[in-house]
Amino acid sequence: MSNLNPRQKEAVKYIDGPLLVLAGAGSGKTSVITQKIAYLIEECGFKAHNIAAVTFTNKAAREMKQRVNSLLKGKSTRGLTVSTFHNLGLNLLRKEGHRLGMKSNFTLFDQHDALTIIKEQINQNFPNLIEETDHIQHLISNWKNDLKEPEDLVGRVETDIEQIAAQVYGQYNRMLTAYNAVDFDDLIRLPTTLFQNHPKCLEKWQNRIRYMLVDEYQDTNTSQYELVKMLVGFRAQFTVVGDDDQSIYSWRGARPENLVQLQDDFPSLKVVKLEQNYRSTSRILKAANTVIDNNPHVFTKQLWSEMGMGDPIRVIRCASDEAEAEKIATEIVHQHLQKGIPYKDFAVLYRGNHQSRIMEIKLQANQVPYRIAGGTSFFGKSEIKDVMSYLRLVINPDDDAAFLRIINTPRREIGPATLEKLNDYAAARQCSLFQASTEMGLRIHLTERAADRLVQFTRWMEDILVKIQRSDQPVNIIREMLDDIDYEMWLRQDSNTPNAADKRWGNVNVLVDGLERMLERGNEEDDTELAIEDAISKLVLRDLMERQEEEADDNAVQLMTLHASKGLEFPICYLMGLEEELLPHRNSIESGDIEEERRLMYVGITRAKKKLTLTYAAKRKQFGEIVDCTHSRFLDEMPQEDLNWEGKTGEITQEENNQKATNTLDSLKALLNS
DNA sequence: GGCGATCTTGCGGAA
DNA sequence: CAAGATCGCC
């Protein structure tokens, strides 16, 4: 603990009651949490299995686990729980879900699956509102996060659309139950319901978890806070760490007010502030402080550091989005070649996932290794979605979303007309599509050909199911299954080039190999064998793939969204696309909610240790059209004496001339096309 | 009734 | 620029 400052030590040593640590960016909060876990075990007589630390991302959980292990080298950390909220919820439901009448092999729907069944629901009952599907899904998610049940809402909501959404909500939950599935929000919501209805069960878990630590507390939503409150119980032995200036998840229900709420709920709450920053230069911190000063504050704090003044912050105007990516890529190459700075010291941060594409192209062109962290890119790939659906069907044949995705992939000549009839039949019989496919009564509604093809599929699938249960090498059966359907062949036919096909088949193998390794490793928390359904659920939670990335540990430039960058740090940081409508995002400008965007800017700035470069483009291609952009207001909010603007004076550069030429060409083409 | 080609629509962030 | 919707063809 010798490397901690007095405030940090205080936070580690205080175990007499509830503690809130207000930790500014880079103030060593992870050190505090990990040291505290070590302290609890070594000095306070806590058993590792009586401690639980909860974070929001798999990455944070993994890092925390690693650091605790190295602090306690030799000593056993067996049974120590370090996990994400969602993973914790998943484990709780697997173990205790039967008390809510859940089957233990339930599957986990991602938001796309959820959208599919909500859409179907709306299509049937409110076809004129099909445009509102996204909106309704969002409302339902928010209600779940607020622990509101459909019954609480009927007649108590304001607008017509909310009224309908409340109805859809009830039906949606019934459908999830029918499919033996839960969604992400349920992973938190259902454990709270469980504990409410089964106090004995709650008591058991309260006795198991004697001390609780929560990271990024400002990101908790109502259901997460409720779960924490239940688990800590009257003993209230816990530490939460948070920073209201880094609250960037209100759109998924996060309530930074939970920081204040804590004082009301636990009057004995002790508060410790960490304001010394160990990450960035003074200039970077000054910029961050100045920007965030434009937001109102409940808790005031002023970050400072002893890392020296550092270089001025550069602001670069680029002619276009392409020029911007090009500029960043070439700068990275030069710094790497001239100063020998390793690629992994660089990070490029952006507001939206779609911005990564252009950056990727430019990095590829310059042969710069890069890695896109987090994001949904891997799981968004169609081959991964397909295989995931096969996997889900294997553990739970009633998973209609998975069924629909792969019933005709690869081609089985089962099309929309057949599926519609199948769906009608299943709805009437109140059973899953898979179940319906096996029933004789279905045959009178279908042509013989179609019925046979469905039966052939279910027979085949049931065969796989049996084999999986019997085998002690389930992954081999999975490989056999993919072989049966000639999935590799299908990918080759479906891909444009052999090269792309290789890559896609490679992705599939990464997934399957990962699953295999995960099963071999078993459950790290309690050393029990990991069931295949757990492993597959954890795949949906992205846990496994990120682990895989971590193990690669290559020397690559880091690309990620600002959201994904929270909690990380990089010596040299580029923030790109600093334009009005992008950051702050258009939707936030329209809704007048600029403060969260400002916090996002704050998070971005405070990722940088030594050098910070901010770029924006004068013109940007959007929806295939080139639009003019103005630089972000947040750039004007920064301390101008610490900024170096490049290319702000609007002389037309060579690049812009080129851009103009292509513009004219584009409009000519457009004219010709019309 | 299913398939493949063509048109069209629409980018926020994540477990 | 990709996924989804639509359309004509087999």
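Being a predicted model, the structure only gives us computed values, none of them experimental.
The side chain of A:Lys119 lies closest to C:dA5, out of C:dA5, B:dA14, B:dA15. Minimum atom distance to the side chain of A:Tyr249 is reached by B:dA14, of the listed B:dA14, B:dG2, B:dG12.
Across the protein-nucleic acid pair, A:Asn221 atom CG and B:dA14 atom P stand 16 Å apart, rounded to whole Å. Note: NE2 (A:His112) to C1' (B:dA14) measures 16 Å, nearest angstrom. Rounded to an integer number of Å, the gap from CG of A:Asn145 to C1' of B:dA14 is 12 Å. Rounded to a whole Å, the CH2 atom of A:Trp490 is 9 Å from the P atom of B:dC3. Computed from coordinates, the A:Leu227 CG to B:dA15 C1' distance equals 15 Å when rounded to whole Å. Taking atom CD of residue A:Glu590 and atom C1' of nucleotide B:dC11, one finds them 13 Å apart after rounding to whole Å. With rounding to whole Å, A:Leu446 atom CG is found 9 Å from B:dG2 atom P. With rounding to whole Å, A:Glu579 atom CD is found 15 Å from B:dG12 atom C1'.
At B:dG2, none of the side-chain N or O atoms of A:Arg453 fall inside 4.0 Å of OP1 or OP2 (strictly under the cut-off). A sub-4.0 Å separation between OP1 or OP2 of B:dG1 and a side-chain N or O of A:Thr418 is absent. For A:Lys421, a side-chain nitrogen or oxygen approaches OP1 or OP2 of B:dG1 to under 4.0 Å. A sub-4.0 Å separation between OP1 or OP2 of C:dA2 and a side-chain N or O of A:Arg357 is present. The phosphate of B:dC3 has OP1 or OP2 within less than 4.0 Å of a side-chain N or O from A:Asn408. For B:dG12, the OP1/OP2 oxygens have no side-chain nitrogen or oxygen of A:Ser588 closer than 4.0 Å.
Heavy-atom distances to DNA chain B give each of A:Ile248 and A:Gly415 a nearest nucleotide, and the one nearer the 5′ end belongs to A:Gly415. Map A:Pro416 and A:Arg252 each onto its nearest nucleotide of DNA chain B; the residue landing nearer the 5' end is A:Pro416.
No donor-acceptor pair closer than 3.5 Å links the side chain of A:Arg405 to the backbone N or O of A:Ala401.
The closest side-chain donor-acceptor pair between A:Gln224 and A:Glu226, if any, does not fall under 3.5 angstrom. In the model, A:Asp183 has a side-chain atom that pairs as donor or acceptor with a side-chain atom of A:Tyr172 under 3.5 Å.
Note on A:Phe85: nothing from the nucleic acid sits closer than 4.0 angstrom, heavy atoms only. A:Arg411 comes within 4.0 angstrom of the backbone, heavy atoms only, and of no base. Heavy atoms of A:Gln493 sit nowhere under 4.0 angstrom from any nucleic acid atom.
A salt bridge does not link A:Glu322 to A:Lys621: none of the charged side-chain nitrogens sits closer than 4.0 Å to a carboxylate oxygen.
Between A:Met230 and A:Trp205, every side-chain heavy-atom pair lies at or beyond the 4.5 Å cut-off.
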Original post:
Should A:Tyr249 and A:Gln218 be marked as a side chain to side chain donor-acceptor pair (under 3.5 Å) after you check the CA-CA gap, both sets of side-chain angles, and the distance that decides it?
Top reply: CA-CA 9 Å; A:Tyr249 284 103; A:Gln218 76 285 349; over 6 Å; no

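Applying the 5.5 angstrom centroid cut-off and the 30 degree plane-angle cut-off, the aromatic ring of A:His563 is not stacked upon the base of B:dA14.
You'll find a donor-acceptor pair under 3.5 Å spanning the side chain of A:Glu597 and the base of B:dG12, going by distance alone.
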